[in-house]
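To start, the structure itself, in structure tokens.
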2 protein chains.
Amino acid sequence: MKTNSILRQIREQLEASGHRLTPQRETVVKALLQSGKRHLSAENVFMESKRLLPDIGLATVYRSLELLESLNVVYKLEYGDGQSRYELNPGSDEHYHHHLICLECGAITEFNHDLLEEIEGKIRAETQFVVTDHCLRFFGYCKKCRASIDKSPEGSVT
Amino acid sequence: MKTNSILRQIREQLEASGHRLTPQRETVVKALLQSGKRHLSAENVFMESKRLLPDIGLATVYRSLELLESLNVVYKLEYGDGQSRYELNPGSDEHYHHHLICLECGAITEFNHDLLEEIEGKIRAETQFVVTDHCLRFFGYCKKCRASIDKSPEGSVT
DNA sequence: CTTATTGCAAAAGTTTTGCACTATA
DNA sequence: TATAGTGCAAAACTTTTGCAATAAG
């Protein structure tokens, strides 16, 4: 169980910035950790946290997520459905998981690739902007849905 | 002025799906077209539309954007600040503008690159998922903010 | 004791919905 | 005259904030 080492590191980051790792904050981290799926809405985090620490309040969850996000411990993601999702900062090995979102069935799958490093180098060279993270989503049609779509004339994309 | 041809095409798409190009919907499209900057919040679109058609209502703007989005005439974007942005479906030539978002000052600049085509080809080969669009955002620190940040030990990113 | 943190409830902000009215085929 | 579409206001939702109470150094 690497939970402890993760928590230790987070405690250090918090204390380095003058904050404490309170039971509530620890619970929020655990909620994110425990959940198999990685992208929880604030409400999801709240419910999960509530199970671990029944007295925790929703505002505290939001405040914890905000604080952890400012420390880059947590990433905030937007799926475009009106609510934010949160995930623990995945280690460098998971930095390159991107999402394939099917416009037909809505399925979200992951695709790993590190070709972005090239682009990031180019960005740095051309704009002096140093990339520390990125969010890449591809929209299109998954294999399954492509099979059921054979009506449109421009169906054979590129 | 290619506005008319754009509107004609949108009218066709609307009618093909059993809807009309009402003055309100036309105004929403014009608002998106006229605005130099491309990413308007719903409120922005509303204000712009209001200027063109004073009696238009906010709900109508939302409903128009929703409808146009369902026809892929409009794209809905999330910046992560709690409100959606909208842009007209940019032609293929503008398909590759990506965003550089500074974590320090929040500035959003654009970066154009087509290296994603390689990745998209790979995705298609490996997963049978056909990409029709993508959303790529890079997070990091812009030149200006990097200059003012020289405290953190790991400041010299990569 | 002094300050950070919390929970609750209220507030704020964005987006959606109900409904009567209007315009259009 | 049916039906899609609209404007207004209310409602719904997510997120933030004010504040008194609590916990921790």
Side-chain angles (χ1 to χ4, degrees), chain A residues 10-31 39-71 73-86, chain B residues 7 10-31 39-71 73-86 106:
Chain A
I10 292 175
R11 164 175 283 121
E12 281 168 20
Q13 286 186 255
L14 281 169
E15 293 179 349
S17 57
H19 300 95
R20 302 197 295 257
L21 180 59
T22 63
Q24 288 86 345
R25 289 170 184 164
E26 187 171 322
T27 298
V28 166
V29 171
K30 283 182 179 168
H39 306 143
L40 300 179
S41 66
E43 189 68 26
N44 291 154
V45 176
F46 176 54
M47 292 187 305
E48 191 71 21
S49 299
K50 197 92 178 159
R51 175 153 51 238
L52 301 171
L53 191 72
D55 284 340
I56 199 171
L58 177 58
T60 298
V61 168
Y62 272 103
R63 282 184 285 229
S64 297
L65 289 170
E66 184 188 20
L67 175 61
L68 293 170
E69 193 202 353
S70 76
L71 297 174
V73 168
V74 156
Y75 283 136
K76 186 178 180 180
L77 311 169
E78 304 292 325
Y79 277 20
D81 65 345
Q83 53 183 29
S84 301
R85 308 301 166 99
Y86 299 87
Chain B
L7 285 172
I10 292 175
R11 164 176 282 120
E12 281 168 21
Q13 285 188 256
L14 282 168
E15 293 181 348
S17 57
H19 299 94
R20 302 197 294 257
L21 179 61
T22 63
Q24 287 87 346
R25 288 171 185 164
E26 187 172 321
T27 298
V28 166
V29 172
K30 282 182 179 169
H39 307 144
L40 300 179
S41 66
E43 190 68 25
N44 292 154
V45 176
F46 177 53
M47 293 187 303
E48 191 71 21
S49 298
K50 197 91 177 163
R51 174 152 53 239
L52 301 171
L53 191 71
D55 284 340
I56 199 172
L58 178 58
T60 299
V61 168
Y62 272 105
R63 281 185 284 229
S64 297
L65 289 170
E66 184 188 20
L67 175 61
L68 292 170
E69 193 201 353
S70 75
L71 296 175
V73 168
V74 157
Y75 282 138
K76 185 179 180 181
L77 311 168
E78 304 292 325
Y79 279 19
D81 64 346
Q83 56 183 28
S84 300
R85 309 300 165 100
Y86 299 86

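Letters A, B, ... mirror the listed sequences (proteins, then strands); counts begin at 1. Reckoned from all heavy atoms, side chains included, excluding hydrogens, waters and symmetry mates.
Contact of the B/Glu26 side chain with the B/Leu7 side chain is registered, since non-hydrogen atoms from C-beta on lie closer than 4.5 Å. Taking the side chain as every heavy atom from C-beta outward, B/Phe46 and B/Ile56 approach each other to under 4.5 Å. Looking at B/Leu67 and B/Ser70, their side chains come closer than 4.5 Å, going by heavy atoms from C-beta outward.
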Strictly under 3.5 Å: I want the nitrogen or oxygen pairs between protein and nucleotides 2-5 of chain D, one per line.
{"from": "D/dG5", "atom 1": "OP1", "to": "B/Arg20", "atom 2": "N", "distance (Å)": "3.0"}
{"from": "D/dG5", "atom 1": "OP1", "to": "B/Arg25", "atom 2": "NH1", "distance (Å)": "2.7"}
{"from": "D/dG5", "atom 1": "O5'", "to": "B/Arg25", "atom 2": "NH2", "distance (Å)": "3.4"}

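The side chain of A/Tyr62 contributes no N or O atom lying less than 4.0 Å from OP1 or OP2 of D/dT16.
Regarding B/Glu43, its CD atom lies at a distance of 10 Å from the C1' atom of C/dG13, rounded to whole Å. Taking atom CD of A/Glu26 as the reference point, atom P of C/dA4 lies 21 Å away to the nearest angstrom. Rounded to an integer number of Å, the gap from CG of B/Leu58 to P of C/dT17 is 14 Å. Per the geometry, CD belonging to B/Glu66 stands 18 Å off P belonging to C/dT14, to the nearest Å. B/Lys50 has its NZ atom 14 Å from the P atom of D/dT6, to the nearest Å. Computed from coordinates, the A/Leu65 CG to D/dT17 C1' distance equals 17 Å when rounded to whole Å. Computed from coordinates, the A/Arg63 CZ to D/dT16 P distance equals 11 Å when rounded to whole Å.
We find the CD-CG distance between A/Glu15 and A/Leu21 to be 7.5 Å, quoted to the nearest 0.5 Å. Here the CE atom belonging to A/Met47 is positioned 8.5 Å from the CG atom belonging to A/Leu40, to the nearest 0.5 angstrom. Of the inter-residue distances, the one linking A/Glu43 atom CD with A/Lys50 atom NZ reads 10.5 Å to the nearest 0.5 angstrom. With values rounded to the nearest 0.5 angstrom, B/Gln24 atom CD is found 10.5 Å from B/Arg63 atom CZ.
For A/Gln83, the side-chain atoms get nearest to D/dT15 when compared with the rest of C/dT14, D/dC19, D/dT15. Comparing C/dA9, D/dA9, D/dT15 by their closest approach to the side chain of B/Ala59 singles out D/dA9.
Within 4.0 Å of A/Ile56, counting heavy atoms only, lie sugar-phosphate atoms of the nucleic acid but no base atom.
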